[in-house]
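Here, residue 1 is the first one in the sequence, and each next residue gets the next number. Worth knowing before you read on, the calculation uses all heavy atoms, side chains too, and leaves out hydrogens, waters and symmetry mates. Please read these numbers as outputs of a predicted model, since none were measured by experiment. Remember, it's 1-based here, ligands and their atoms both numbered in the order they're listed.
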Amino acid sequence: MTYTYETDGAAIYLQSFAMIRAEADLSAFDADHEPIAVRMIHAAGMVGLEKFIRFSPGFAQAARAALEAGAPILCDARMVSEGVTRPRLPADNAVICTLQDPRVMGMAKEMSNTRSAAALELWRPHLEGAVVAIGNAPTALFHLLNMLQDPACPRPAAIIGCPVGFVGAMESKDALWADQPVPCCIVQGRLGGSAITVAAINAIASRKE
Ligand SMILES: C/C1=C2N=C(/C=C3N=C(/C(C)=C4\N[C@@](C)([C@@H]5N=C1[C@](C)(CCC(=O)O)[C@H]5CC(=O)O)[C@@](C)(CC(=O)O)[C@@H]4CCC(=O)O)[C@@](C)(CC(=O)O)[C@@H]\3CCC(=O)O)C(C)(C)[C@@H]/2CCC(=O)O
């Protein structure tokens, strides 16, 4: 038996987004944030995720304006940086993940922290006005919040803080939501992850779907 299935990529996306809009309760989101939430739900394959998605006021505008101005996207994991669809980016933006830099292992030992957190020290020259995308490592988000407590630390334009998991994920996102050092987006609780995070970036880069 030969299986018959949808083979048109664009049609698959359109059908998925229509199903999400029919099934999810998107009433909490304004016109700027609704397409971002839709794409995050799409990446998770989970209607219901919308209950946990939070955008601070002006998040989408701040992130989009930064990308249009040529800001880099700083990612905690390669799973995030590799997922960014380059042709969508409005200014051929740099996508940076410092996790594999050869200096990071030694820095992590010196800092007694994870490689994910240590790698953020290498973001400093790129951080001013950047769009931050943290989708994996709670320690990276906690370290960023600690860095931003120093008024001399350069400030990103927007933060997507959606690390996933059981140890520190919920707490790091609660801390970001409480601090709101810049406009931000979180998925409350244990849910999150690289795919959801990069979906948010791709939605911001695409504007409307
Ligand atoms: C504790 C860690 C967690 N990782 C999770 C989930 C996933 N991680 C994957 C992969 C391939 C990677 N995770 C690392 C970032 C690695 N993960 C950690 C750390 C030990 C600590 C981070 C933290 O707690 O904040 C971290 C290593 C470090 O020293 O920082 C990774 C670098 C490990 C490695 O391969 O060396 C690597 C990232 C590679 C990259 O993309 O650049 C998974 C695919 C799991 C797997 O391989 O089985 C998965 C992906 C989830 C996602 O959507 O991103 C958790 C659950 C987030 C967990 C932290 C919280 C917890 O409760 O344990």
Side-chain angles (χ1 to χ4, degrees), residues 16 20 36-55 63 72-86 89 93-124 126-127 130-149 153 156 158-179 181 184-205:
S16 293
I20 292 165
I36 306 174
V38 166
R39 218 176 168 98
M40 293 168 81
I41 294 166
H42 179 247
M46 184 186 163
V47 166
L49 185 75
E50 67 274 14
K51 291 190 205 85
F52 305 98
I53 300 174
R54 300 281 179 273
F55 300 106
I73 301 165
L74 304 180
C75 308
D76 65 329
R78 286 282 298 279
M79 289 177 285
V80 178
S81 59
E82 289 299 315
V84 176
T85 313
R86 272 41 175 197
L89 296 174
N93 308 70
V95 182
I96 297 171
C97 175
T98 51
L99 186 59
Q100 311 296 337
D101 187 288
R103 292 168 287 179
V104 165
M105 186 67 90
M107 290 164 61
K109 280 200 182 107
E110 238 170 69
M111 291 164 62
S112 301
N113 208 330
T114 65
R115 284 184 291 133
S116 301
L120 268 66
E121 287 298 321
L122 301 177
W123 285 9
R124 288 182 187 272
H126 313 286
L127 198 52
V131 176
V132 167
I134 295 179
N136 180 294
T139 57
L141 182 52
F142 271 129
H143 191 64
L144 176 67
L145 293 174
N146 285 341
M147 283 164 66
L148 291 174
Q149 281 178 25
C153 180
I159 300 172
I160 300 166
C162 297
V164 60
F166 298 87
V167 178
M170 179 174 71
E171 293 82 356
S172 63
K173 292 179 285 189
D174 285 349
L176 171 60
W177 195 246
D179 283 9
C184 58
C185 157
I186 65 164
V187 175
Q188 282 182 325
R190 291 173 170 174
L191 296 169
S194 298
I196 289 175
T197 301
V198 78
I201 290 284
N202 288 336
I204 293 160

Exercise. Donor-acceptor pair, N136 side chain versus A77 backbone, under 3.5 Å?
Worked result: no
For this session: Taking the side chain as every heavy atom from C-beta outward, state whether V80 and C97 have any atom pair closer than 4.5 Å.
Result: no
For this session: Check for a donor-acceptor pair, side chain of R86 on one end and backbone N or O of V84 on the other, with a separation under 3.5 Å.
Result: yes
For this session: Taking the side chain as every heavy atom from C-beta outward, state whether E121 and H143 have any atom pair closer than 4.5 Å.
Result: yes
Exercise. Protein residues near ligand 1, heavy-atom distance below 4.0 Å?
Worked result: A77, R78, M79, L99, Q100, T114, R115, S116, G135, N136, A137, P138, T139, V164, G165, F166, V167, G193, S194
Problem set entry | side chain to side chain donor-acceptor pair (under 3.5 Å) involving E50 - partner list, sequence neighbours excluded | none
Exercise. Taking the side chain as C-beta and beyond, is there a heavy-atom pair between C75 and T197 under 4.5 Å?
Worked result: no
